[in-house]
S.K.: 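The following block contains the structure, expressed as C-alpha cells.
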Amino acid sequence: MLAERLAEARRQTDSLFDILKAEALYERPVAERHRIVFYLGHLEAFDWNLMGDRPVHAEFDKLFAFGIDPLGEGLPTDQPRDWPAIEEIRNYRRTIRAAVDETEATDQLWNVAIEHRLMHAETLAYLLHQLPSENKLAQPQAEVPAREGKPGMVRVPAGSVILGRSEGFGWDNEFHEHEVQVAEFEIDRYKVSNGDYLKFIREGGYQEKSLWAEDAWEWKQGIVRPVFWKSEQIYRTMFEEIPLPLDWPVYVSHAEASAYAKWIGKALPTEVEWQRAAEGAGVGNAGFRRWDPVAVTADPGMVGNGWEWTSTLFKPFPGFAAFPFYPGYSANFFDDRHYVMKGGSARTAECLLRPSFRNWFQPHYQYVYSGFRCVTR
Ligand code: AVJ
Ligand code: FE
C-alpha cells in the first residue's frame, strides 16, 4: 500500500520533469531558489538520507540534501556547470529507487517520503510556472463548470475549534490535537478575486505607504502587481498567457494580501478562525486535476483552488516535538518569519488536504499558489 503510494508519487513528480524541455533543467526560474536540476536529485537524496542504512553516493546524498529558504543572505550564485550531468543524476535516481524499495522502514518514514515528494510536486510547479512557456510542453486539464455566486460575508458564531491531530500520520507540527475558543467573526464567502484586486491596484494600493508594513514597503519597491500578472490585462497561467481572468482567485504574497485587507477595512483570518470557518466545508479544485485555478464562485469549500494566507505566524502547537529523524522540518522555521497557509491549490496532493496540515512561507514570497479571504470581527 505505502510502496504503491510512493510509486504513484514518483510518477507524479516524474511527469512534472517531463513537461520541461531538456535545455530548461539548469534554469533558475526564481532568483532566490535552487536551479531546477537540484530537485531532480533532491527527492531521491531525501529518501535515502531518511531511509538508507549506508551511503550510496556520498557526494550526491549531500549535494541534493537541502533546498533553500533564503533569509536575506543574498542570492545564490552557483552556475549550471557547478551541477552534475543529467545522466549522472538519472543513474543516481535509479540506484536510490531500487535501494529504497528494498528497505524495511517504518510506515511513518514511508509517509514522510511520500508526502515530502508530493509537497515538492507543488513547490516544483511554482518554479516551473515562472519559466517562459517556450520551455514547457502544455498539458491538458479537467474542465470545471461555471457557477453563479454572490460575494459577501458569512457570519461564523463564537465557538470552539479543534486544531492539530493526535492519531494517524501527520508531520511534527500537526501534533497534538487541542481545542481553542473563537469569538464571533464574519468571513468572505469567496476568495478575493483578480477583479477585486485590480480595484485595489487601480485605486493606488501599491503607492499607499500606510497600507504596508515597513519591511513590506521596502520589499515591494519596483513591484506594482502580483507576479502572476504580466500586466493589468494579461495573466500568466502555467502554460500560456491569457486575458486577466477577473473571477479567478488572486495569488499574492502575504505582504500584498495584508495591504489589500487593510485597504478594504478588513483583516486576514487567524489560523484558528480559518479552521473554524472551514469546518465541514467541501474540497474543491485540488489533487492535480488542473494546473490553473477556477472561478472563486465555482469552487465550493475553503480547501482547494489556492492556499490561503492567515495572519498567524508559524509556531509550534503546545507539546510540540520534532521528528528525531528530521529535526529541522518545522523547527527551522519557527523564527517569526513565516506565516501559516491553509487549504490547498490545484497542485496540492489529495493526502495533504487534511484539516490538520499546515503550510508556511515567508511574507514576501510571491510565487506560491496562495490567495486569501478577509474577515471582520
Ligand atoms: C512545507 C511546503 C513550506 O517546500 O519549503 C520540502 C516543504 N520541506 N522539503 C517547502 C519541504 C523540505 C516546505 N513547505
Ligand atoms: Fe525537500
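In listed order, ligands and their atoms are each counted from 1.
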S.K.: Spell out the protein N/O/S atoms under 2.8 Å from the Fe ion (ligand 2) as residue plus atom name.
M.R.: H42 NE2, H116 NE2, H120 NE2
S.K.: Do R11 and E4 meet the salt-bridge criterion of a basic N to acidic O distance under 4.0 Å?
M.R.: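 Result for this pair is yes, salt bridge flagged.
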S.K.: Is the distance between the ring centroids of Y26 and W83 under 6.0 Å?
M.R.: no
S.K.: Name all pairs fulfilling the salt bridge (Lys or Arg N to Asp or Glu O under 4.0 Å) condition that reach into residues 347-363, sequence neighbours left out, sorted by first residue then second.
M.R.: E115-R354, E174-R354, E271-R358
S.K.: Parallel, tilted or perpendicular for Y329 and W360, by the 30°/60° rule?
M.R.: perpendicular
S.K.: Under 6.0 Å from the CD atom of Q181, do we count more than 12 heavy atoms belonging to anything else shown?
M.R.: yes
S.K.: With sequence neighbours left out, what residues match D53 under salt bridge (charged side-chain N to carboxylate O under 4.0 Å, His left out)?
M.R.: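 Salt bridge (charged side-chain N to carboxylate O under 4.0 Å, His left out) check on D53 returns nothing, list empty.
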S.K.: With a 4.0 Å heavy-atom cut-off, what residues sit around ligand 1?
M.R.: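 Near ligand 1, by chain and number: H116, M119, H120, T123, Y326, Y329, N359, W360, F361.
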S.K.: The test is side chain to side chain donor-acceptor pair (under 3.5 Å); show your working for E240 and T237 and say whether it passes.
M.R.: CA-CA 5 Å; E240 52 184 353; T237 72; 4.6 Å; no
S.K.: Kindly assign one of parallel, tilted or perpendicular to the pair F323 and W171, based on the angle between their ring planes and the thresholds 30° and 60°.
M.R.: tilted
S.K.: How about Y326 and D172: does a side-chain donor come under 3.5 Å of a side-chain acceptor?
M.R.: no
